[in-house]
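The structure appears right after this line, and notes come after that.
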Protein chains: 2
Amino acid sequence: MPDPTHSVDPVQLGAYFALIEVSGLLRHAIDQQLREDGDLTFVQFQVLMRLDQSPTGSHRMTDLADAIVHSRSGLTYQAGLLEKAGLITRAPSPDDERGVTVSVTEAGRALIGQVLPGHEAVVGRMLFDPLSRDDARTLARLLTPVRDHMRASAPRSATPRRRRGT
Amino acid sequence: MPDPTHSVDPVQLGAYFALIEVSGLLRHAIDQQLREDGDLTFVQFQVLMRLDQSPTGSHRMTDLADAIVHSRSGLTYQAGLLEKAGLITRAPSPDDERGVTVSVTEAGRALIGQVLPGHEAVVGRMLFDPLSRDDARTLARLLTPVRDHMRASAPRSATPRRRRGT
DNA sequence: TAGACGTGCTTCGATTTCGAAGCAAGTAGA
DNA sequence: TCTACTTGCTTCGAAATCGAAGCACGTCTA
């Protein structure tokens, strides 16, 4: 049975609220910069970034969706837009015929290069201006285990089957 | 002109990515719990919470929108739903006839009471299980100034219409 | 007091998002 | 091999979100 003493003390509440606010404000600022610099949404940018960073320049749809914390149907929609814009290609996965492998195109990489400086500038200013180098290291040290813990406890496709539980 | 050397080092990048992922995963988990326990979205919950926490039980629309980092039109939409559900009331502000003052109803407070334990359980488990008390304090210490800095630099309704003042 | 401008909220249209249902390809057991 | 069951993605319909435009009230200045 789950520990019933999972109440949230004031300090935790402050951290939680600050986290939610910071991520919301940061997302808005990023969205605006990306739109101005390259007519991209944050989701689209994240897709291109993940592909760009991959050694092969490609990923499966499901892996992408999980990586950027987005629904599968939402990713299908965005992949359609990105493909139409010539920034990615979609092809059946070689090893599993029902899988789809997404790859960045040269145009996609070029666009990343175009928006990345502005992106880093915004993140640097908004998020890291008030933080020292040590602070940034500490933040990473705190959040990385949290991320891993979350990924471990809420593994795949959101709702793992729900019955009459209401 | 802002400092052009605002590049992001690997440590910062890790912190940034972890922050985005954590907030996304957390939001999804919260959304699901709120829907199951009280048929609320996270945005609606935040509105009710802010009102519930207010000494007067009410807020102006604009203040609410800023507090929860949401567009004004989006808040209008949600306020319509919440009012229809009898969880809030809307009335012209006493001191400014064009303003709208939103207040929680008893039903609204009751619903908050209904979903809050589950909410705290989710936040406690997902966010604070991997963190010690000191870690939580540190997280708050890091993120609070960031939040304040963001709020200070991107003040009101998104683009403040650069006038001659800039 | 009048005209011009600023502010607070809502309406509108377009886009994005999600979950559920659907479909095709893989897998396991008889 | 046949027949379920699983898995990976897309389609579909409903809902949420945003920015721009609109409207009504406030404020300032002459």
Side-chain angles (χ1 to χ4, degrees), chain A residues 24 27-32 34-36 39-47 59-85 88 90-102 155-163, chain B residues 24 27-32 34-36 39-47 58-85 88 90-102 155-161 163-165:
Chain A
R27 262 197 88 122
H28 280 189
I30 290 173
D31 258 323
Q32 191 170 331
L34 289 174
R35 171 183 297 249
E36 288 170 3
D39 201 35
L40 284 177
T41 65
F42 186 41
V43 171
Q44 292 165 348
F45 171 74
Q46 285 185 104
V47 169
H59 276 303
R60 302 276 298 262
M61 290 289 285
T62 294
D63 299 336
L64 262 182
D66 285 346
I68 69 175
V69 190
H70 209 66
S71 70
R72 280 90 208 283
S73 51
L75 179 59
T76 294
Y77 174 75
Q78 289 297 344
L81 296 183
L82 290 172
E83 187 178 38
K84 192 171 302 179
I88 64 169
R90 279 191 286 188
S93 300
D95 55 327
D96 185 342
E97 194 63 23
R98 78 218 137 127
V100 169
T101 295
V102 182
R156 48 213 62 241
S157 32
T159 319
R161 201 101 349 178
R162 181 63 45 196
R163 230 45 215 247
Chain B
R27 262 196 86 122
H28 279 190
I30 290 173
D31 257 325
Q32 190 173 331
L34 290 174
R35 170 183 298 246
E36 288 171 3
D39 202 33
L40 285 176
T41 66
F42 187 41
V43 171
Q44 293 166 346
F45 172 73
Q46 285 184 104
V47 169
S58 52
H59 275 303
R60 301 277 298 264
M61 289 290 284
T62 294
D63 300 336
L64 262 182
D66 285 347
I68 68 175
V69 191
H70 210 66
S71 71
R72 281 89 208 285
S73 52
L75 179 58
T76 295
Y77 174 74
Q78 289 297 344
L81 296 183
L82 289 172
E83 188 180 39
K84 192 170 302 181
I88 64 169
R90 278 190 287 189
S93 300
D95 55 327
D96 186 340
E97 194 62 23
R98 77 218 138 127
V100 168
T101 294
V102 181
R156 47 216 61 241
S157 33
T159 318
R161 205 63 85 229
R163 227 44 214 243
R164 60 204 150 203

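On a predicted model such as this, the values are computed, not experimentally measured, just so you know.
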Between [atom2] on [N] and [atom1] on [X], what's the gap in Å once rounded to a whole number?
{"X": "H59(B)", "N": "dC9(C)", "atom1": "NE2", "atom2": "C1'", "value": "17 Å"}
{"X": "L34(B)", "N": "dC18(C)", "atom1": "CG", "atom2": "C1'", "value": "16 Å"}
{"X": "F42(B)", "N": "dC18(C)", "atom1": "CZ", "atom2": "P", "value": "15 Å"}

Looking at every strand, decide which applies to R90(A) at a 4.0 Å heavy-atom threshold: base, sugar-phosphate, or nothing. sugar-phosphate
Residues in side chain to side chain contact (heavy atoms under 4.5 Å, CB included) with [X], at least two apart?
{"X": "Q44(A)", "result": "L40(A), T41(A), Q78(A), L81(A), L82(A)"}
{"X": "A65(B)", "result": "R72(B), L75(B)"}
{"X": "H70(B)", "result": "V43(B), I68(B)"}
{"X": "S93(A)", "result": "R60(A), D95(A), T101(A)"}

Atom pairs under 3.5 Å: protein N/O with N/O of nucleotides 15-17 of chain D:
{"residue": "dA16(D)", "atom": "OP2", "partner": "Y77(B)", "partner atom": "OH", "Å": "2.3"}
{"residue": "dT17(D)", "atom": "OP2", "partner": "Q78(B)", "partner atom": "NE2", "Å": "2.7"}

Within the sub-3.5 Å range, which N or O atoms of nucleotides 23-25 of chain C have a protein N or O partner, and how far apart are they?
none

Set of salt bridge (Lys or Arg N to Asp or Glu O under 4.0 Å) partners for [X], sequence neighbours left out:
{"X": "R90(B)", "answer": "E83(B)"}
{"X": "R27(B)", "answer": "none"}
{"X": "E36(A)", "answer": "none"}

Less than 4.0 angstrom between a side-chain N/O of R72(B) and OP1 or OP2 of dT7(C), yes or no? no
Note: for A79(B) and L75(A) on DNA chain C, the residue whose nearest nucleotide lies more 5' is A79(B)
